[in-house]
Amino acid sequence: MVFGQTMNQNNNEQGNNEIYTLKGKVIISGVIELLTGLHIGGLRETLKIGGTDNPVIKDAFGNILIPGSSLKGKIRCLLEKKEGKYTNDNRGYLPCSCGDCNICKLFGPHNSKEIKEPRRVIFRDAYIEVEEGKEIHDYLEIKVENTIDRLKGTTITGGVRNTERVVAGSKFKFEIVFNVYKENDKELLKELITGMKLLEDDYLGGSGSRGYGKIKFKELKIVNRPKQYYEGNEKAEKEEAKDLDELEKKIEEIWNY
Ligand SMILES: [Zn+2]
């Protein structure tokens, strides 16, 4: 009985009993090219002989990837900074939890109790493209960094770190799925593209202030699959774009909601 009351109160407070039905999916895919070395930390493997202090993240088969959560988290963080949308509690600054803003609609509120609409985006893990005749280790390098004693001008003992990086020029195949629920979701999709543009002028992974993790989105494709497509009644619209500016324009051409 108490549970029932709580449910009603929530519904009244939020005033949101709307049923959301899926209208379609817009899928953005392409390549993330590394312009500088990338480090997204995995598990430490210091006990392994020849292992580095700080290895790059790999899956169980040793394939290098950018986790979907890293990409999503970074883009969300950049959009939240742009909008001033984050919450401060005693643990520090946390992602927005309002449930109403574009960022919460795109990525879901930080606190799942505040979900008022279904979240729009899904980020797939982005795997490295291994060219023929090459192997995974061809894409890795060990970067040695140290801390200099300000008086002696020499390296401080214990100040040397080995960080594993994915080499510049490497390409990762990415895919982002955008679920369409409303006619005006086009604005949310454009917000996502804005976040991707902000990322190009920021960095992915660690040590960005030391030059790591500059990326570029390339070889872009945008595909619109209205729900009739899944029912076998309609073809998907597909466009290609050389960069994010062009991709943004293609949204107008494929959007039919
Ligand atoms: Zn919010």
Side-chain angles (χ1 to χ4, degrees), residues 3 5-29 32 40 66-126 174-206 208-209 213 215 217 220 222 224 227 244-245 247-248 251-252 254-255 257:
F3 179 68
Q5 278 175 353
T6 312
M7 288 288 283
N8 285 337
Q9 275 167 5
N10 278 347
N11 283 342
N12 290 338
E13 270 165 26
Q14 292 171 5
N16 190 358
N17 296 319
E18 207 171 334
I19 306 290
Y20 287 85
T21 56
L22 185 75
K23 292 184 185 297
K25 288 173 180 274
V26 176
I27 299 156
I28 296 170
S29 63
I32 294 171
I40 295 177
I66 299 171
S69 57
S70 295
L71 204 53
K72 178 184 176 185
K74 186 70 195 203
I75 291 174
R76 174 179 192 142
C77 180
L78 291 166
L79 286 172
E80 283 177 342
K81 280 187 185 165
K82 180 173 81 70
E83 300 294 324
K85 285 272 178 194
Y86 38 83
T87 41
N88 183 13
D89 78 355
N90 51 15
R91 288 171 294 167
Y93 288 96
L94 294 170
C96 187
S97 253
C98 74
D100 295 312
C101 71
N102 279 353
I103 294 158
C104 285
K105 287 177 186 175
L106 267 174
F107 303 100
H110 181 59
N111 181 348
S112 57
K113 285 186 193 139
E114 300 299 330
I115 292 177
K116 294 168 191 168
E117 296 186 17
R119 72 194 61 179
R120 303 304 199 276
V121 288
I122 301 164
F123 284 77
R124 309 278 192 215
D125 290 340
F174 80 94
E175 185 180 271
I176 304 169
V177 179
F178 181 92
N179 290 318
V180 182
Y181 289 98
K182 298 263 172 198
E183 286 82 4
N184 58 8
D185 276 358
K186 192 161 75 176
E187 295 314 308
L188 292 178
L189 181 55
K190 286 185 174 174
E191 185 81 9
L192 172 69
I193 307 293
T194 302
M196 293 167 78
K197 286 183 189 174
L198 285 168
L199 177 56
E200 284 187 340
D201 287 332
D202 209 271
Y203 62 89
L204 203 54
S209 64
I215 64 119
F217 290 102
L220 296 162
I222 185 164
N224 183 30
K227 71 175 173 190
L244 291 172
D245 286 329
L247 190 79
E248 201 170 4
I251 293 173
E252 304 292 341
I254 56 134
W255 193 265
Y257 298 101

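Order of appearance sets the numbers: ligands from 1, and atoms from 1 within every ligand.
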- prompt: Parallel, tilted or perpendicular: which describes the rings of Tyr181 and Tyr20, with under 30° parallel and over 60° perpendicular?
  reply: perpendicular

message: Whether Glu248 and Lys197 form a salt bridge (side-chain N of Lys/Arg under 4.0 Å from carboxylate O of Asp/Glu) is what I want to check.
response: yes

field: Check: Arg76 side chain, Cys96 main-chain N or O, donor-acceptor pair, under 3.5 Å
entry: yes

field: Geometric cation-pi criterion Lys74 and Tyr203, 6.0 Å radius, 45° cone
entry: yes

statement: Residues Asp185 and Trp255: closest non-hydrogen pair is C-CH2, 3.8 Å

- prompt: Looking only at heavy atoms, which two atoms of Ile75 and Phe123 are closest? And how far apart?
  reply: CD1-CE2, 3.8 Å

statement: Report for the Zn ion (ligand 1), protein N, O or S closer than 2.8 Å, by chain and number, lists Cys96 SG, Cys98 SG, Cys101 SG, Cys104 SG

